[in-house]
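Order of the sequence lines fixes the chain letters, A, B, ..., with proteins taken first and strands second; residue numbering starts at 1 for each chain.
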Number of protein chains: 2
Amino acid sequence: MAVTDEMVCFALYAAHRATSQTYRALLAPWDLTYPQYLVLATLWNEGPQSVREVGEVMQLDSGTLSPLLRRMEERDLVRRERSAADARVVDVHLTDRGLALRTDLCHIPAAIATGMGLADAADAEGLLRRLRGIEASMHAAVPQAAPHEPVAGAAGDDR
Amino acid sequence: MAVTDEMVCFALYAAHRATSQTYRALLAPWDLTYPQYLVLATLWNEGPQSVREVGEVMQLDSGTLSPLLRRMEERDLVRRERSAADARVVDVHLTDRGLALRTDLCHIPAAIATGMGLADAADAEGLLRRLRGIEASMHAAVPQAAPHEPVAGAAGDDR
DNA sequence: CGAATTTCAGTTGTGCACAACCGATCTCGC
DNA sequence: GCGAGATCGGTTGTGCACAACTGAAATTCG
């Protein structure tokens, strides 16, 4: 039932925005966004990482990460420095302030868990598996339209 | 397990972006975005709607919809006109071109369904129910921080 | 009636996402 | 060495998403 699958996509979109709202409210006192929180969480858990590595964890490219990390650096949450070993690479590491947030924000996972109201750990695990399955399928299924094929005569090309 | 719940949030975020990528590739020949496609789908299914009604279906406010609908009107996909009955209201309806896209884009639901690779209709229904449950819980759970409470002394307020 | 309140669409400003592209740098094969 | 190709981070430009606000219009109520 194709229409149901599109409803799942919309539900994904709506649920993501709902969780994002909750993170926004929780993070507002620190003036952090959800992606910024994810960067902090990555560095807390994995230690200093290159921009590319952070991008792999978050699945974002430099076009998104560069300005995001620049804003975080301006606020003294992280620092970026060129790698000595490879001058193409920029290593991102936490400042003292960024590290200190780990303590300040330690209540957030529990607050999110409460807000989501999943039945139990097995429930969450099952959902996690299915979401990752969708993500993998969709990534595998991207219909490779050649980058910016002109496609004359489709829509919006007259007048 | 709080950490698992945060992983579900991230999986939601990642899965949404993956589906969005697939829609982007499918819609690229018509130079449409996923939210624009949703507006078209709403109008195809529900007929002419006020901006507020479209916003209720998509769960978006006028801050997002106004520029989105303006771009669609500039491309002659929809038309907006002030309601005669209530001058505050703007009714959105399809143009001939917007209506014609219903035929051009009728392959998309099946393409999405194929890409998602869900087992069967019952599988999709179950997932849909759980996603809607999360969305509802999160909306109910928004920790009402007073709008833009200054919160001095948190982070980013010195220097 | 007429003032206070509410509703509605729009605007402004900020921050993601992402395609497309760029320059610097590294690697590999010769 | 050295030149072709790959890798890395950054920039540009477009389009959401959203908070906060505005002004016009409708509604409520004293």
C:dC16 OP1/OP2 closer than 4.0 Å to side-chain N/O of A:Arg71: yes
Other residues, nucleotides, ligands: >12 heavy atoms within 6.0 Å of A:Arg80 CZ: yes
Any B:Gln21 side-chain nitrogen or oxygen under 4.0 Å from OP1 or OP2 of C:dA17: no
Shorter than 3.5 Å, N or O on both sides, protein versus nucleotides 24-27 of chain D: list them out with atom names.
unit_1	atom_1	unit_2	atom_2	d
D:dA26	OP1	B:Ala87	N	3.1
D:dA26	O4'	B:Arg88	NE	3.4

Qualifying residues under side chain to side chain donor-acceptor pair (under 3.5 Å), relative to B:Arg82, sequence neighbours excluded: none
Whole-Å distance separating the NE2 atom of A:His16 from the P atom of D:dA17: 8 Å
Closest-nucleotide ordering on DNA chain D, the 5'-leading residue of A:Val89 and A:Tyr13: A:Val89
Distance-only donor-acceptor hits, side chain of residues 106-123 of chain A, under 3.5 Å, sequence neighbours excluded:
unit_1	atom_1	unit_2	atom_2	d
A:His107	ND1	A:Asp104	O	3.2
A:Thr114	OG1	A:Ala110	O	2.9
A:Asp120	OD1	A:Ala122	N	3.3
A:Asp120	OD1	A:Asp123	N	2.7
A:Asp123	OD1	B:Arg130	NH2	2.5
A:Asp123	OD2	A:Ala119	N	3.0

By side chain to side chain contact (heavy atoms under 4.5 Å, CB included) - contacts of A:Gln59 (at least two apart): A:Glu135, A:His139, B:Phe10, B:Ala14, B:Arg17
For B:Met7 against A:Leu128, the heavy-atom pair lying closest together: O-CD1, 3.4 Å
Pairs where residues 35-53 of chain B contributes a residue and the test salt bridge (Lys or Arg N to Asp or Glu O under 4.0 Å) is met, not counting sequence neighbours: B:Arg52-B:Glu56
A:Arg82 vs D:dG9: side-chain N/O to OP1/OP2 distance below 4.0 Å: no
Interatomic distance where CG belongs to A:Leu27 and P belongs to C:dG15 [whole Å]: 14 Å
Contact list for residues 67-104 of chain B, test ring pair (Phe, Tyr, Trp, His ring centres under 6.0 Å), sequence neighbours left out: none
Residue pairs fulfilling ring pair (Phe, Tyr, Trp, His ring centres under 6.0 Å) with at least one residue in residues 45-67 of chain B, sequence neighbours excluded: none
DNA chain D-proximal residues of residues 57-70 of chain A, any heavy atom under 4.0 Å: A:Ser62, A:Gly63, A:Ser66
For atom CD of B:Glu74 and atom P of C:dG10, their distance in whole Å: 12 Å
Side chain to side chain donor-acceptor pair (under 3.5 Å) against A:Glu81, all qualifying residues, sequence neighbours excluded: none
Counterpart residues, ring-ring contact (aromatic ring centres under 6.0 Å, His included), relative to B:Tyr34 (two or more places apart): A:Tyr13, B:Tyr23
Nucleotide D:dA19, atom P - distance to CG of A:Asp31 in whole Å: 14 Å
A:Asp91 CG - D:dG10 C1' separation (whole Å): 16 Å
Within residues 32-54 of chain B, residues whose heavy atoms come under 4.0 Å of DNA chain C: B:Ser50, B:Val51, B:Arg52
B:Leu12 CG to C:dA17 P, straight-line distance once rounded to whole Å: 13 Å
Any donor-acceptor pair under 3.5 Å from B:Thr95 side chain to B:Leu77 backbone: yes
Going by atom type alone, with no hydrogens or angles, which donor-acceptor pairs under 3.5 Å involve a side-chain atom of residues 64-71 of chain B and a protein atom two or more places apart or on another chain?
unit_1	atom_1	unit_2	atom_2	d
B:Ser66	OG	B:Ser62	O	3.1
B:Arg70	NH1	B:Glu74	OE2	3.2

Euclidean distance, atom CD of residue A:Glu81 to atom P of D:dG9 [Å, nearest integer]: 14 Å
Interatomic distance where CE belongs to A:Met72 and P belongs to C:dT14 [whole Å]: 19 Å
